[in-house]
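This report concerns only the one structure given below.
Quick caveat, the model's predicted, so the values are computed rather than measured.
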Amino acid sequence: MRLKREFFIQPTLKVAKELLGKVLVRKYQKKLIEGIIIETEAYIGPKDKASHSYKNKFTQRNIVEYFLGGFCYIYLVYGMYWQLNITTFLANKPECVLIRAVFPISEKKILVNGPGKLCQYFKLDGSFFGEDLTTSKRIWIEDKKISFKDSEIKKTPRIGIDYAGKYWSKIKWRFVIEKF
DNA sequence: TGTCCGATATCCT
DNA sequence: GGATATCGGACAT
């Protein structure tokens with residue numbers, strides 16, 4: 001059920017698309033918080049100007065991007081919001097997928113439609129930096145065989161990266177399922 | 001040590 | 001559509 005390393009070490013665009021419909025699971029105070037992933041974005045350094053690893057930039061913050069696929073890259077933006085990313089592909093390929101939204105399984109009334117809200121909903125913070133999704137006891141991703149058609153995946157430009165210039169801010173590396 | 005600014009959310013018009 | 005709160009990290013000094 002839990003996704004294994006093989007899933008995450010595939011090319012990043014493939015992982016970003018295939019994460020849609022998978023279930024993010026968080027164990028918090030002996031309870032499970034679960035949500036169907038419905039929105040992702042791919043960040044493919046070093047060529048991608050919108051990526052933190054553009055031109056192989058390597059800092060304390062983004063070091064985990066250089067890991068193998070399947071680890072959490074989590075960081076704070078705007079001084080108040082955490083963002084959950086999953087590393088992908090091979091070691092020394094600084095690529096990742098930003099998890100932007102889920103459809104909550106447990107509490108369907110709540111809208112989890114943004115990376116900041118998502119981290120609040122799943123109780124995620126900096127302590128998850130570098131967490132291994134294939135072995136962690138408090139966060140992982142499951143394949144519950146939720147199916148949808150390829151044509152139901154909408155592709156759009158990524159959000160909030162106008163600084164990356166005309167080409168990279170417009171490339172359609174954001175993937176959304178709208179059926180949920 | 002200081003300055004700049006963001007992979008957002010929310011409220012406003 | 002636009003403004004802005006808010007603060008740690010990146011990088012220059």
Polar contact flag, side-chain donor to acceptor under 3.5 angstrom, A:Y43-A:E41 = yes

query = Which whole-number value in Å describes the distance from A:I159 CD1 to B:dT8 P?
reply = 8 Å

key: With sequence neighbours excluded, residues passing ring pair (Phe, Tyr, Trp, His ring centres under 6.0 Å) with A:W168   = A:W173

Near-strand residues of residues 83-101 of chain A, defined as heavy-atom separation under 4.0 angstrom from DNA chain C = none

request  = Taking atom P in both C:dT6 and B:dG2, compute the distance separating them and give it to the nearest angstrom.
outcome  = 22 Å

inquiry  = How many whole angstroms separate atom CZ of A:R158 from atom C1' of B:dG6?
reply    = 15 Å

query = Taking atom P of B:dC5 as reference, at what distance in whole Å does atom NE2 of A:H52 sit?
reply = 15 Å

inquiry  = Whether A:R26 engages the ring of A:F122 as a cation-pi pair (distance to the six-membered ring centre under 6.0 angstrom, angle to the ring normal within 45°) should be assessed.
reply    = no

ask   = In whole angstrom, what separates A:Y121's OH from B:dA9's C1'?
value = 19 Å

inquiry  = Using a 4.0 Å cut-off to any heavy atom of chain A, which nucleotides of DNA chain C are the first and last in contact, reading 5' to 3'?
reply    = C:dA5 to C:dC11

inquiry  = Just so I know, are the side chains of A:S51 and A:P46 near enough to count as touching, which here means a heavy-atom distance under 4.5 Å?
reply    = no

task = Output the residues of residues 56-78 of chain A in contact with DNA chain B, where contact means a heavy atom of the residue under 4.0 Å from an atom of the strand; sort by number or write none.
result = A:Y75, A:Y78

Close aromatic pair by centroid cut-off 6.0 Å: A:Y73 and A:F71 = no

inquiry  = Hydrophobic clusters here meaning ILVMFWY residues chained together by side-chain heavy-atom distances under 4.5 Å, can you tell me if A:F8 and A:F67 are in one?
reply    = yes

ask   = Separation of A:I44 atom CD1 from B:dA7 atom C1', in whole Å?
value = 14 Å

ask   = How about A:I139 and A:L124: do any of their side-chain heavy atoms sit closer than 4.5 Å?
value = yes

Side chain to side chain contact (heavy atoms under 4.5 Å, CB included) assessment of A:I37 paired with A:I99 = CA-CA 7 Å; A:I37 296 170; A:I99 310 298; 4.3 Å; yes

Close side-chain approach of A:I86 to A:C96, heavy-atom, < 4.5 Å = no

query = With sequence neighbours left out, which residue pairs that include part of residues 129-152 of chain A fulfil the ring pair (Phe, Tyr, Trp, His ring centres under 6.0 Å) condition?
reply = none

Gap between atom CZ of A:F103 and atom CD1 of A:I146 - 0.5 Å precision = 10.0 Å

task = Test side chain to side chain contact (heavy atoms under 4.5 Å, CB included) on A:K22 and A:E142 and set out the steps.
result = CA-CA 6 Å; A:K22 300 294 189 291; A:E142 290 185 17; over 6 Å; no

query = In which ranges does DNA chain C form stems of 3 or more consecutive Watson-Crick or G-U pairs, distances under 3.5 Å?
reply = B:1-6 with C:7-12, B:8-12 with C:1-5

inquiry  = Would A:R138 pass as a cation-pi partner of A:F128, given that its NZ or CZ must be under 6.0 Å from the six-membered ring centre and within 45 degrees of the axis?
reply    = yes

